[in-house]
Amino acid sequence: MTTGASTSATATSPTSPGSVSTPSTILRTVDLTKDFRGFTAVNAVSLDVAEGTIHALVGPNGAGKTTLFNLLTGFLTPTSGQILLRGDDISGRQPEEIAHLGVARSFQITSLFEQMTLLEHLELALASPTGLGYKFWTSRKSLGRFKQRGMELLAEVGLADRSGVTAGSLAYGQKRALEISLALANDPALLLLDEPTAGMGLEDVDRTIALVKKASVGRTVVFVDHNMHVVGSLADQVTVLQSGEVLAEGTYDDVRNDERVITAYLGESGGEHG
Amino acid sequence: MAERLLTVDTLSAFHGEAQVLRDVSIDVSVGEVVTLVGRNGAGKTTLLRSIMGLHKNTRGSIALDGTTLDGKSADKRARLGIGWVPDDRGIYATLTVEENLSLPPVVDKDASWSLDRIYEQFPVLRERRDFPGTKLSGGEQQMLAMARPLRAGSRLLLLDEPSEGLAPVIVSQIGQIIRDIRSQGVAVLLVEQNVKFASTVADRHNLLAQGEVVESLDNDAFQSRTTELLQHLGM
Amino acid sequence: MSAFIQYTLQGLATGGFYALAALGLAVIFGVMGVVNFSHGAMYMLGAVGSAVLLDVADVPFWGALVVVPVLLFLFGILVERLLVRWLLALDPLYNFLLTFGLTLLIVDLVKRRYGVSGLPYELPAGLEGRVTIGGLSLSSYQLFAAFFSVALCIAVWLLLTKTRIGMIVRASTEDAERTRALGINVGRWVTPVFGFGIALAGVAGVLAAPFRAITADMGSNFIIILFAVVVIGGLGSILGAVMAGFLVGLVEAYGQAYAPSYAQVLIFVLMAAVVLVRPAGLFGREEAS
Amino acid sequence: MSAQLTETTHVETAASSAPDRRLNPFVRAGLLLLALLVVLALPWYIYPPVAMDIVAWGLFAISIDLLLGFTGLLSFGHAAFWGTSAYVTGLIAIRSGLPFPVAILGGAVVAMLIAVPTGYLAVRRTGIYFAMVTLAFAQMIFFIANQARDLTGGENGLQGIPKSFFGIETVETDPFYFYYAALPLILLGAFIAWRTVSSPFGRVLLAIRDNPARARALGYDVERYKIMVFVISAGIAGLAGGVFSVSHGFASLQELVWQTSGKVVLITVLGGIGTLWGGPLGAAVVVLLEDYLASSGFNGIGIITGSIFVLIVLLFRKGIWGTVADLVARIRSRGRTPGRRDA
Amino acid sequence: GGGPAAASGKISDDKIVLAVLNDQSGVYKDLSGPNSVEAVKMAVEDWKAKHKDDAVSKNIEVVTADHQNKPDIANTKAQELYDRQKADIILDVPTSSAALAVATQAKTKKKVYINIGAGTTALTGAQCNKYTFHWAYDTYMLAKGTGGTLTKDGGKKWNVVYPDYAFGQDMTKSFEGQITAAGGAIGQKVPTPFPNDNFATYITKAAADKPDVIGTMHAGGDLINFVKQYNQAGISDQIKLAVGLMFITDIHSLGAEQFKGVTFTEAWYWNFDEQNRAWADKFQAKTKTRPSFAHAANYSAAFNYLEAVQEAGSDTGDDVVAKLEGKKINDFFLRNGEVRAADHRVIHDAYLAEVKPASEVKEEWDYEKIVATIPAAEAFKPVAESGCSM
Ligand SMILES: Nc1ncnc2c1ncn2[C@@H]1O[C@H](COP(=O)(O)OP(=O)(O)OP(=O)(O)O)[C@@H](O)[C@H]1O
Ligand SMILES: Nc1ncnc2c1ncn2[C@@H]1O[C@H](COP(=O)(O)OP(=O)(O)OP(=O)(O)O)[C@@H](O)[C@H]1O
Ligand SMILES: CC(C)C[C@H](N)C(=O)O
Ligand SMILES: [Mg+2]
Ligand SMILES: [Mg+2]
């Protein structure tokens, strides 16, 4: 079922969900499959993500990368297969539950609260795990306790001076940065970024690479990007998807020299357009 | 020099009170690929929308084939042979892939690509032909958007960042298509942030900064000065 | 047993009727994203129009079946041009509220002009009798109405899904500006669609005239049932509207026969069950979350 | 510019986002005081039962605004809660003889109870779908109330609801004093609404309104929040419905028909959504207009209210409050930066 | 009860205000509505003409309000009419729920209220009060006439289809009493939702066991729906249709042909005799239409109210009530009329009517044939059974 070089324990009985493959595996999928009315977007994908690494997911358009993200974060329910987070089966859980387990994501298509200020975005993100959001009887001022941390986070992505403007008035690149800072807010153990550099100019791309690098300290990052420069600079491990299946896996250098990957994805120029 | 197809003459455009294009003059000839490169927010999309007749708050003139487009509605301009690939791709959710392809009226029978030819070029579209358009992945939607004006047989294509979000192999493929249609006499005005890609397909480049064309140069000059220019533009 | 078959036939006859009206609602929604609250009022105008035509111009049922939908088509065009179109780009709630206000207005205007106690109307010539098959007996008019509705439903469905017109219309409503930029003169299409949907409501109204009370208020409960029909069928689904129309017709007939006091609640219980099990309706597409 | 893929509700609210962003605290305090004064003075200038209607409908509209303006949910079946509470309040008052405020609180609690299952089903849908589902549920409640005529009096309504108030006879018989006895309940409802929107909870609601998918990814259980605000809103509608039924001395099926749900939405939109203030303003206009028309000899209330609605939706989507606020803001900014003109 | 009786010659606010509270815009607009206001104005004119200079007051006003058939609005309006508009009497109020709400207000304010349009017997029964009178008809009267007479004439086996709400159930109960008393029986009682527009299944059901008579207790739009669909069911030749409550406006709107042969009970018919016709002509001159019994009853109630004020020399509620109670009246509307003191039911002769086939209709609105007169004493519920205690 699984094509390509799986690195670790995919061979050992993938059917027993409870079994933790290696101590350092934080995220693992077992034969994960998603059907859309007869079209299989993700097909029996078994994936291991080692704790503390940066893992890139690449592949042609429509390979199923975003769908895989949506499965991992609960926005879609798998047709079959399992998703194990530190050995616990989380398939079928709701997005908000998964978020509380320390998984944060950014969206391929920018997804913000257009009418809220940047600081308000971060306050919301920071308040989420505290349950403060349910308190309809207290004053909104109680959110103020997140202000300092919120400003720090904004500063990290270079948006500190814009904390008071509404997200709707940001330029595209800034919106992407805000997406990332939201994902980072609650210090997630696992960070999922869907095309963090899409639509950015070169300078912004490099800034984002640096940002992700910095953010990856002490946590695991899985990201999707078509920009090979980004993949090359960041990824410890690369999984190539094609037509919903794993085509190849390995380090960036392994993968970029893989014949199948070159035909299916990179093309003869080796992806050097970006 | 081939005949001139599109002429934009001292065009200014406004968003409300803000001026986003300042006296922009560019032209594209038959069989030529001309780019607009520049940072986010430089005004590239606004220029394309103005040519298409979708952005109305403008000053200056735009002519196709020597006749002015002033006062012509967008659908009229499309039927005169301008094909637009919007930056958000503009795929219809309520239409199937094939319906998305056949929606625009064919403007030039001889230039129009057949569905078969399109499917040969993008096999994945054939596979998903009966799916609602927006159920395609981002990149698949981009292919669909590119294919649409080919199907119509437009003679001038306005491409707004066609390489964005595409797998490298598809980017090369798109590049090949652009070169192909150019040789068939189609004119292309290409908006790009991907400078490397732009330099593989274009004849001439216009560098846009803060709504102004700050530099116009041919591809050789562009390639030799890429780094310097990028620095200059802050890209 | 024969009673059961009789109820079934009656249910199907009523269902055809709901299906037709719901179809107009679904076409307008599917194509323009407008939930037309005034659909009940338009249905009423269809019936009142037939009665008035008969009274002032001696136009019989068969004439009304042609003339009234045409008139309502024109009226729909007017409504779209003057009102609905300005809100198309906004949240669909606005047109829902607009057509709600329009309903109040139309109903009261009709009341002022034609009173409230109803207008007279006769069965159309040739359909006064009954058709008896075996032990069953159905009013020939109702049979006609049922068959007519079904045929019309099928025709409309084909028009929208199989023709270029249907495609253009769907594209135009999804994004008018973009569609224009693809070379299509959008203005030419959207307005007639609205008129067309209204005309369908008008047809239902004409069909209703011979066997329902023709009053200004006849649409006000009708629209609520139509809403239940489209929610059950799936709001955007044209096929769903038609199928759910028949389903609701049957539920209503069985309900009336076997649990009369609960006949109308049953429809809404059915709706609740559908929402619970399939939030998008029986034929609706899943909403992206 | 960037296409939003989520199917959210984008209704034009009278305030740009949070309700207090525009006004400074002093102006706000001043307005609050003024509003309170107006509410207190109302029965001196307006026939007291009509004044009572205005504040009851005003509170009802606030409950709609809480959903529409602050969460992006249009309930087109809120009559279910207003009406249920009207009946329950009446039944408690008639059968137990308890003071009316107790009966009304009881009614509001029952309204909240039935809002739980309704909300559970309705919040699975958004936008226009939500409106349809709530509408259908209200119809169910309507039919049930009609069937349970031993309890509700069916078509005749529940007659003779007493205004028992600790034996204080002036309150029990004179609508003028009754107004002041019932007003605290209205103010309580308004306070709850205000507290809710200006709490962290209210902030989450705004987030949900703007982008539910994003809110979920941040870890917020969107459905649960929606159910909670739906239930709170039902409770507020219940308070209003209870006051209304005691004020009139009975409850009728009229409280449950869909036209009632429509009317309260009309009032809310007319006043301006996303403000909480708008509702009562809209209520004053509509109730006074209806009151006037009913004895004016012009028989066609629908013609007037229908036209108003159409005009509001077409031309003044921000409602009275929003339109006025915009005007004020425009005048102010013109004062500050003279000479600025549109290009 | 009441406060200190007002001295004779005392007219409150120096004017007499008659308020007509009814449906000005909804389903009952045509059968009563604005034209009832006209009828009341006619009564005032006629009364002034009759008394000329010795009238207790020359200052008489007629005001009106629309209750839209909604009890809540009726309730508020009644309060307003009594308090703000200084109404001394409220007239009409069709729709039972609204009628009962107004009765409560009349009692609280101690002001006169004469109901004309509503059907419920509760107004003079369980919920009767000192200030409330019921002038024209009620469900008992309708059942007595239609149910009793048709059964005696051989329609022994009945099935009744009724709207499932207070008025319909009341009617069904009343009909059952009268039908059983006359030696018949109701086989099926088929409830239908209210309001409703699809009766096909109910009609099939009610016709299944081939009764002699099918009785419908529907009113207004529902009645018209029912009759249309009844005629389509193709059973009208074998099964007689009886209508519980019908107004001439119903026949007018559906056309006599659809109703042909239907039997029902009338409180008054404009073309019954010369006296009625004379008044109907005057009414037509004003309104361009023929009167329903509700229009005539409004006139009669208003006129007799003014007479009572004249006799009392006061428009105070208690004084007028005292004059009205027990009063025997004979006018063009009330034949052998009496205002029963015990329950304030106004009794008078009622009529059994049949709808003429279109061929016999000689002029517009000439739809009815009176087949029998039911004497006042028999037409209404005996006081002993009323259950009223004031
Ligand atoms: N609808 C709008 N209202 C106000 N300002 C706008 C609007 N659309 C664009 N702008 C502004 O106009 C300027 C030019 O925008 P445009 O979209 O043309 O840039 P672009 O070069 O295409 O950028 P990108 O590379 O991000 O697509 C930007 O500063 C942008 O903020
Ligand atoms: N809701 C859906 N219904 C049906 N098909 C879908 C749906 N969502 C995605 N797909 C299909 O699943 C496939 C995988 O899509 P996905 O968005 O995961 O691709 P991707 O790898 O992220 O591509 P890209 O790089 O272009 O964004 C595509 O062919 C797409 O058409
Ligand atoms: C037909 C009506 C005038 C009577 C009304 N249905 C009532 O409740 O009494
Ligand atoms: Mg993707
Ligand atoms: Mg752009």
Side-chain angles (χ1 to χ4, degrees), chain A residues 70 73-75 94-117 120-146 166-168 170-172 175 179 182-183 185-186 188 192 199, chain D residues 1-6 8 10-13 15-21 25 66 69-72 191-233 235-236 274:
Chain A
N70 282 335
T73 49
F75 280 85
Q94 293 299 305
E96 53 273 10
E97 292 176 67
I98 295 174
H100 287 306
L101 295 172
V103 180
R105 77 172 290 185
S106 74
F107 288 83
Q108 177 173 5
I109 288 150
T110 314
S111 179
L112 297 165
F113 309 115
E114 302 276 321
Q115 301 193 14
M116 285 194 192
T117 68
E120 284 169 349
H121 274 81
L122 283 146
E123 285 174 355
L124 267 175
L126 291 165
S128 167
T130 65
L132 184 64
Y134 285 118
K135 298 200 174 157
F136 58 84
W137 57 90
T138 64
S139 164
R140 187 166 43 207
K141 297 206 179 75
S142 56
L143 284 167
R145 75 168 97 133
F146 302 113
T166 56
L170 288 185
Y172 183 74
K175 286 186 179 174
E179 278 270 349
L182 281 181
N186 285 312
L192 305 175
Chain D
M1 291 204 336
S2 71
Q4 193 119 9
L5 278 200
T6 43
T8 17
H10 297 288
V11 280
E12 274 175 54
T13 54
S16 63
S17 111
D20 57 348
R21 185 156 288 148
L66 193 54
F70 292 87
T71 324
F191 176 76
I192 292 172
W194 173 79
R195 187 74 267 185
T196 303
V197 304
S198 48
S199 68
F201 179 78
R203 177 70 64 72
V204 178
L205 294 184
L206 288 179
I208 290 172
R209 182 190 75 188
D210 281 2
N211 191 343
R214 214 332 149 201
R216 297 187 82 183
L218 288 181
Y220 289 103
D221 186 341
V222 167
E223 288 196 357
R224 195 146 144 214
Y225 277 87
K226 284 185 182 172
I227 294 174
M228 277 176 71
V229 70
F230 192 73
V231 170
I232 293 173
S233 164
I236 294 172

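Because the structure is a prediction, the values reported are computed rather than measured. Numbers restart at 1 for each chain; the letters A, B, ... are given by sequence-line order, proteins then strands.
- The closest donor-acceptor contact from the side chain of Ser106(A) to the backbone of Glu179(A) lies at 3.5 Å or more, if one exists at all.
- Listed options Ile232(D), Val229(D), Val222(D), Ile192(D) were ranked by heavy-atom pairs under 4.5 angstrom with chain A; first place goes to Ile232(D).
- Applying the side-chain contact (heavy atoms from CB on, under 4.5 Å) criterion to Pro95(A), with sequence neighbours excluded, gives Phe75(A), Arg216(D).
- Note: Tyr134(A) and Tyr225(D) have parallel aromatic rings, judged against thresholds of 30 and 60 degrees for the angle between ring planes.
- Per-residue heavy-atom pair counts under 4.5 Å with chain D were compared for Leu182(A), Thr73(A), Asn186(A), and the maximum is reached by Leu182(A).
- If you measure heavy-atom distances from Ala127(A) to chain D, the contacts under 4.5 Å come from both the backbone and the side chain.
- Among residues two or more places apart in sequence or in another chain, the ring-ring contact (aromatic ring centres under 6.0 Å, His included) test is passed with Phe136(A) by Phe201(D).
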